[in-house]
J.: 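Mind having a look at this structure? Questions to follow.
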Amino acid sequence: MSRAPVRNGAAPRRPGDEDDICPVCKSSRYLNPSMRFLVNPECYHKMCESCVDRIFSHGPAPCPVAGCARTLRKARFRRQTFEDLHIEREVDIRRRVAGVFNKREEEFESLRDWNNYLEEVENLTWNLLQGVEVKETEKKLDAYRRQNEAEIKQNAALESQEIADSEAQFAAQKEQARLRREAARNEELDERREKEEGRREIIDMMAKGDGDADAIARESQKVILKKSTARRTAAEKSRQQAAAKVDNGAAAAPLFSIQGLKRIPQSVPEKEYDPFGGYAIKPAYYYLRDHYEHSWLDNARSDAQITAGGYDVGEYCARAIMEASGGLGVFIEDEIEGREKRVEKEVGTASAAIASGGGGEGVDGDVL
Amino acid sequence: MAVSPVVTYDTTSNIKVTATKAKSLAVRTNSVSNPRNGSLPEPGKGQELAERLNDETKQRYVKDKKLGEGTYAIVYLGHLRADPSSLLAIKKIKVNTEYRDGLSMDAIREVKYLQELSHPNIIALHAVFSSKNQNLNLVLEYLPLGDLEMLIKDSEGIRYGTAEVKAWMGMLGRAVWFCHENFVLHRDIKPNNLLIAADGEVKLADFGLARSFSDPYRPMTYQVITRWYRPPELLFGARFYSGAVDVWSMGTVFAELILRSPFLAGNTDVHQLELICNTIGTPTEENWPGVSKLEGFLKYDKAATIPVRGREFYLSRFGTAGPVGVDLLMSMLALDPRKRCTARQVLEHKWWSSDPRPTAKEDLPKKGGGPERMGEDLKRKGGEIEGGRGDNVARKLNFGLAKS
């Protein structure tokens with residue numbers, strides 16, 4: 001976008017201010033250096049601020065531009081964003097349409113549906129832009145708005161949330177970068193200071209004059225090296241901590257959103273706690289009676305020495321019947337047969353098949 | 001024991017399995033996995049089939065480092081030869097001086113009942129084999145997160161509430177219920193026999209004192225269950241009892257979980273009875289018909305009789321469990337074993353469906369007990385309290401080597 005060069009002494013220019021003569025009152029910038037131009041999105045005719053005050057202060061009035069005569073209100077006058085008023089108008093219309101048709105891609109089942117929807121919206125927008133069937137288009141827009149009010153609101157909220165999120169994330173990243181820079185600067189300063197100190201110490205020691213100069217230099221060099229490594233590890237640690245802190249902050253506030261997640265997580269109702277852990281033990285081959293008559297058991301039922309300890313004849317009966325029917329449902333022949341079949345496959349000889357099949361003729365007869 | 005016709009319906013996955021059958025078959029396939037397949041080095045043609053099978057089983061496991069050693073057993077960390085990332089505990093039972101001519105009863109019991117029981121809340125026995133000198137080796141599930149006793153005792157580091165207690169009790173309840181449903185009495189339920197798996201699941205271990213429900217007129221020993229968790233009928237020397245003994249132990253564990261200290265910690269059997277009388281109530285012919293006929297019944301002074309405590313007493317001491325939880329605790333600690341609820345009734349209690357909901361096992365508090373703790377837990381013999389927490393226990397053992 002080309003901007004008019006800022007003139008000396010004047011306020012910084014905004015797009016639309018480079019005209020020097022107001023098309024309505026014909027007053028020029030020469031007479032009024034602080035002249036500003038305003039437009040109304042109703043017709044986008046440009047006029048100066050004093051004209052707007054003069055004409056529209058007492059309520060709605062027709063546009064003063066010849067051949068326009070649209071009724072304009074003062075409240076809607078504003079400064080233009082774009083230099084080209086056609087673009088200004090297009091952006092306004094697009095914004096309005098997008099505010100109503102604010103469906104999101106994830107609401108559509110397929111990409112094709114989404115594209116079809118976009119095409120339809122673009123058609124409407126184009127009609128409005130080009131002034132084709134404006135009335136019908138406006139009607140459609142209005143009808144859609146009324147039908148889908150709740151949805152539109154929800155999506156608008158989502159969008160503003162997303163914008164806020166990304167802004168917050170951006171701010172967090174910036175903050176992190178600043179901290180990093182600061183840490184690096186501090187580190188550098190520390191290092192320089194320590195080096196300086198080390199050098200001074202060497203000089204001091206040499207000045208005192210006890211010991212070999214070379215040895216002192218070597219020793220101090222070691223000390224400096226040690227110090228600097230210690231400092232470096234500490235700095236590394238603090239850097240990691242800072243990073244972790246920022247990360248945690250990001251996790252606490254919804255600073256970033258992961259793509260591809262469902263907006264409203266469906267809360268799965270918790271399954272009812274089963275004290276039996278999914279197990280249910282039932283006898284499969286018999287049922288248990290409450291009482292089994294047997295003279296042998298009578299004493300065990302009546303003797304206080306036996307019953308007072310909690311001994312329960314019923315439990316014995318249950319176990320006895322369970323053991324008596326033990327093995328039901330276990331078919332050893334089938335198991336052996338299954339095993340032999342496996343072996344057969346492995347061996348794969350005809351004789352083995354006949355031997356274990358119990359006579360091939362019978363099988364043939366069944367088939368025929 | 002015969003293969004059980006008791007069928008387990010896994011209601012979640014619709015799979016119909018006979019629990020005990022599946023297990024016994026699994027064990028069988030373990031040992032006879034590939035008898036015709038000569039891929040393993042032939043360990044001598046002259047060997048008997050049993051020896052060959054044993055060697056095959058032995059070949060499949062590798063012992064790593066020693067986790068703990070007691071006079072009864074040594075526990076090793078181990079893994080499958082085929083898969084070094086698998087973790088197992090191998091419990092090697094020492095040839096005991098008491099049983100020079102055979103195996104100790106504890107080992108036999110443990111193998112016998114663990115082989116039958118396959119349940120997520122019961123420690124799994126993967127295989128059994130004998131190594132040189134006829135030592136018996138049990139290949140057990142590896143449970144690295146210590147036991148419940150550790151969590152109870154660490155009142156500084158570990159905090160838990162009713163939801164956690166409910167989750168643990170639920171897992172214990174399921175384990176005991178499954179044992180009883182398969183007619184097995186555990187007879188040594190206590191917090192340090194409740195080991196914790198890596199995912200937080202509590203598993204009942206140490207079946208060294210287990211036995212199946214007895215036949216009528218076949219007396220059982222009353223010298224079982226660690227004293228603090230022993231029910232009054234065993235203290236009175238009852239020789240005929242039922243699953244109610246395990247339910248009493250569950251009740252005391254429940255109380256211990258809430259109090260975070262042993263509920264009835266008696267120094268001697270008589271002291272234990274005294275504690276029960278004082279805390280729960282004196283057993284009399286009225287509240288426990290026939291109790292005076294028991295062999296070891298001790299006569300009390302009629303005047304000193306303490307009536308069975310009412311609901312208010314339990315509410316004041318175990319109020320955190322809530323009124324419904326207190327009801328459950330009271331029914332588990334009924335003096336008369338016939339009035340005590342059964343393991344099934346425990347699980348059917350409405351406490352499980354009342355608030356709060358039990359914590360998910362992944363969210364339960366953990367304290368990395370480490371493999372060493374598992375070693376400590378597994379090497380123990382049944383019925384004993386660890387040194388320092390009480391002397392003169394059911395069976396005293398020398399832990400000289402253990403504390404190294």
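Proteins come first, then strands; the chains are lettered A, B, ... in the order of their sequence lines, and each starts at number 1. Predicted model, so just to flag it, every value in this text is computed and none were measured.
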J.: Check whether A:Ala320 gets within reach of chain B through its side chain, its backbone, both or neither, counting any heavy atom under 4.5 Å.
T.: neither

J.: Among A:Thr307, A:Asp312, A:Asp303, A:Leu297, which residue has the highest count of heavy-atom pairs closer than 4.5 Å to chain B?
T.: A:Thr307

J.: Within a reach of under 6.0 Å around CD of B:Glu362, are more than 12 heavy atoms found that belong to other residues, nucleotides or ligands?
T.: yes

J.: What option among B:Gly243, B:Ala244, B:Ser214, B:Ala238 has the most heavy-atom pairs under 4.5 Å with chain A?
T.: B:Ser214

J.: Hey, could you give me the CD/OH distance between B:Glu181 and A:Tyr279, rounded to the nearest 0.5 Å?
T.: 13.0 Å

J.: Taking atom NZ of B:Lys339 as the centre, report whether more than 12 heavy atoms of other residues, nucleotides or ligands fall under 6.0 Å from it.
T.: yes

J.: Heavy-atom cut-off 4.5 Å, strictly under: side chain, backbone, both or neither for B:Arg344 against chain A?
T.: both

J.: Looking at B:Pro219, B:Pro216, B:Pro337, which one forms a side chain to side chain contact (heavy atoms under 4.5 Å, CB included) with A:Tyr311?
T.: B:Pro216

J.: Among side-chain atoms of A:Asn186 and A:Glu182, is any donor-acceptor pair under 3.5 angstrom?
T.: no

J.: Can we say B:Asp199 and B:Lys361 salt-bridge, meaning some charged N sits less than 4.0 Å from an Asp/Glu carboxylate O?
T.: yes

J.: Let me know if A:Asn299 has heavy atoms under 4.5 Å from chain B in its side chain, its backbone, both or neither.
T.: both

J.: Output the option from B:Trp352, B:Tyr217, B:Phe236 having the highest count of non-hydrogen pairs under 4.5 Å with chain A.
T.: B:Tyr217

J.: Report yes if some heavy atom in the side chain of A:Arg301 is under 4.5 Å from a heavy atom in the side chain of A:Asp298; otherwise report no.
T.: yes

J.: Counting heavy-atom pairs under 4.5 Å to chain A, which of B:Ser242, B:Pro289, B:Pro232 comes out on top?
T.: B:Ser242

J.: In terms of heavy-atom pairs under 4.5 Å, which option from A:Ala304, A:Ala300, A:Ala308 contacts chain B the most?
T.: A:Ala308

J.: Under a 4.5 Å heavy-atom cut-off, does chain A meet the side chain of B:His349, its backbone, both or neither?
T.: neither

